[in-house]
Amino acid sequence: PSVPPLCPWVMKANFLGRLRTFDAHPKTLDDFRVKTFSGAAVSIVSGLFILFLFFSELSMYVSTETTDQLFVDTTRGEKLPINFNITFMHIPCALLSLDAMDVSGDHQLDVAHNVLKKRLTKEGQPVGAVSRETAVSKPEKEEEARMFDKLKEMEANKETYCGSCYGSEEVEGQCCNTCDAVRESYRKKGWAFNDPEKIEQCMKEGLSVDLDAQSGEGCLVFGTLQVNKVAGNFHFAPGKSFMHSHVHIHDLMTFGSKEFNVSHLIHKLSFGEDFPGSVHPLDDERRIMESTQGMFQYFLKVVPTVYQKLDGKTIHTNQYSVTEHFRGIRKDRGRNLPGVFFFYDLSPIMVQIRENRKSFPHFLTQLCAIIGGVFTVAGIIDSFIYSTSKIISKKIELGKFS
């Protein structure tokens, strides 16, 4: 006889019954579950601990972390930007000059492009407006105003004007129309330029007026200097600078035996654009001269740096380390120049800093690990407490617990 086919609902019930065998979490009846105060305490503590770990993991997920890699710097032909903001407490703006030079032979004398100067009182308060030059922009005194008008007149008649070189002419009929031209002519003759008050061009340009008006003042100088990406130095020093027989010279003859206090405060010094987490060792560093005259020397090691953000933006900049030295200057010996000198050298190694963030699947994995791990450990602790309490209770009943 043939076997009658099973009903569809019977086949479905058999399939569900077989499927139950794969349940890795078998359940017990409610009648066999025992709830205790110790279990409640463990559950509450484990729940709070899970919340703490969850928010900790969430904060790590939404935050960024950085990884560093080192490479050989293969870039070339680039410029090195130097950003500075420095206060000189005892050097007036009319006297302070900025020069830069490097091993390639490039010289920048008395840099004024992208460099601003701010006159300061003895107490450090600003005087007037920020200017790109050391000259007084709009004199207020009558005597200064007349000289300002003379300078304007000289500029208007510069095509016909021929200033005297005061006996330092190399050829007959040579013209020295500016104070710098007279100074250069004196230098070529080997003469000392120590009396600008008697030079018409210097009087018209207000050189003596500036020095007298700014006597006892300080100067805040800030801006950006573009130099070749090779070893070199830049410095702030008093006096007009020039080159003579391939030697860098500052003309201090005008000031006689005057001493220069180059005490300073470096508000900021950086090589390139700032990036998150960047540190500049010389920021907010103050140096006060203890001797009568001297030179501060900073030796910088510049490390090229590439910072890559999460949004794909790349910042090409530099970091640096620094050592420093102070050298006193004696009047009776030495040829050292009073000032603040920064000697920099480039590292052949480039640092690449990359921002990273954990992926969402990684966050979910960590979250599951936290919840599962805490519940597992909590279950073990609860079982241990429950078993121990039962054993102790039985011993108490039998009078064997002591």
- So among Phe343, Phe88, Phe326, Phe341, which one has a ring pair (Phe, Tyr, Trp, His ring centres under 6.0 Å) with Phe296? Phe326
- Query: Between the side chain of Ser387 and the main-chain N/O of Phe384, is any donor-acceptor distance below 3.5 Å?
  - Reply: no
- Item | Phe71 atom CZ, over 12 foreign heavy atoms within 6.0 Å | yes
- Message: I'd like to know whether Leu70 forms a side chain to side chain contact (heavy atoms under 4.5 Å, CB included) with Val351, so could you lay out the CA-CA distance, the side-chain angles of the two residues, the decisive distance to 0.1 Å, and finally the verdict.
- Response: CA-CA 5 Å; Leu70 301 179; Val351 178; 3.6 Å; yes
- Does any non-hydrogen side-chain atom of Val111 lie less than 4.5 Å from one of Phe234? no
- Message: Could you tell me if His280 and Asp274 have a donor-acceptor pair between their side chains, going purely by distance under 3.5 Å?
- Response: yes
- Task: Compare all side-chain heavy atoms of Val227 with those of Leu225 and state whether any distance is below 4.5 angstrom.
- Result: yes
- Item | Point-to-point distance, once rounded to the nearest 0.5 Å, from CD of Gln319 to OG1 of Thr305 | 3.5 Å
- Cut-off 3.5 Å, side chains only: do Glu355 and Tyr307 have a donor facing an acceptor? yes
- Hey, mind stepping through Ile266 and His264 against side chain to side chain contact (heavy atoms under 4.5 Å, CB included) and telling me if it holds? CA-CA 7 Å; Ile266 303 176; His264 59 281; 3.7 Å; yes
- Hey, are the side chains of Val374 and Thr376 touching, using non-hydrogen atoms and a 4.5 Å cut-off? no
- Going through the distances and angles, do Cys219 and Cys93 end up as a disulfide (SG to SG under 2.5 Å)? CA-CA 5 Å; Cys219 185; Cys93 292; 2.2 Å; yes
- Message: Set out, in order, the CA-CA distance, both residues' side-chain angles and the distance that settles side chain to side chain contact (heavy atoms under 4.5 Å, CB included) for Phe260 and Leu95, then state yes or no.
- Response: CA-CA 10 Å; Phe260 301 96; Leu95 192 58; 3.4 Å; yes
- Under 3.5 Å, is there a donor-acceptor pair linking the side chains of Lys229 and Thr75? yes
- Message: For a 4.5 angstrom cut-off between non-hydrogen side-chain atoms, does Thr64 reach Leu310?
- Response: yes
- Item | Aromatic ring proximity Phe342/His235, centre distance under 6.0 Å | no
- Task: Check for a donor-acceptor pair, side chain of Asp283 on one end and backbone N or O of Leu269 on the other, with a separation under 3.5 Å.
- Result: yes
- So how far is it from Glu273 CD to Ile315 CD1, rounded to the nearest 0.5 Å? 4.5 Å
- Query: Distance only, no hydrogens: is a donor on one side chain within 3.5 Å (strictly under) of an acceptor on the other, for Ser263 and Asn261?
  - Reply: yes
- Message: So if I apply the side-chain contact (heavy atoms from CB on, under 4.5 Å) rule between Ser347 and each of Val303, Asp73, Asn318, which one comes out positive?
- Response: Val303
- Query: Given side chains that start at C-beta, do those of Thr224 and Ile82 come closer than 4.5 Å, heavy atoms only?
  - Reply: no
- Task: May I ask you to check whether over 12 heavy atoms, not counting those of Lys268, lie within 6.0 Å of atom NZ?
- Result: yes
- Message: Does either side chain, that of Ser270 or that of Asn83, offer a donor lying less than 3.5 Å from an acceptor on the other one?
- Response: yes
- Stepwise side chain to side chain contact (heavy atoms under 4.5 Å, CB included) test for Arg287 and Val340: CA-CA 10 Å; Arg287 298 293 180 268; Val340 179; over 6 Å; no
- Message: Could you walk me through whether Phe236 and Phe84 satisfy the ring pair (Phe, Tyr, Trp, His ring centres under 6.0 Å) test, starting with their C-alpha distance in whole Å, then the side-chain angles of each, then the deciding distance to 0.1 Å, before giving a yes or no?
- Response: CA-CA 11 Å; Phe236 300 88; Phe84 55 88; 5.5 Å; yes
- Is the CZ atom of Phe54 crowded by more than 12 outside heavy atoms at less than 6.0 Å? yes
- Message: Would you say CZ of Arg357 has more than 12 non-hydrogen atoms from neighbouring residues, nucleotides or ligands within 6.0 angstrom?
- Response: yes
- Message: Is there a side-chain contact between Met350 and His316 in this structure, where contact means two heavy atoms from C-beta onward sitting under 4.5 Å apart?
- Response: no
- Query: Say you draw a straight line from CZ of Arg354 to NZ of Lys309; how long is it, rounded to the nearest 0.5 Å?
  - Reply: 15.0 Å
- Spacing of Ile371 atom CD1 and Gln366 atom CD [to the nearest 0.5 Å]: 12.0 Å
- With rounding to the nearest 0.5 Å, note down the distance linking CG in Asp106 to CE in Met101. 10.0 Å
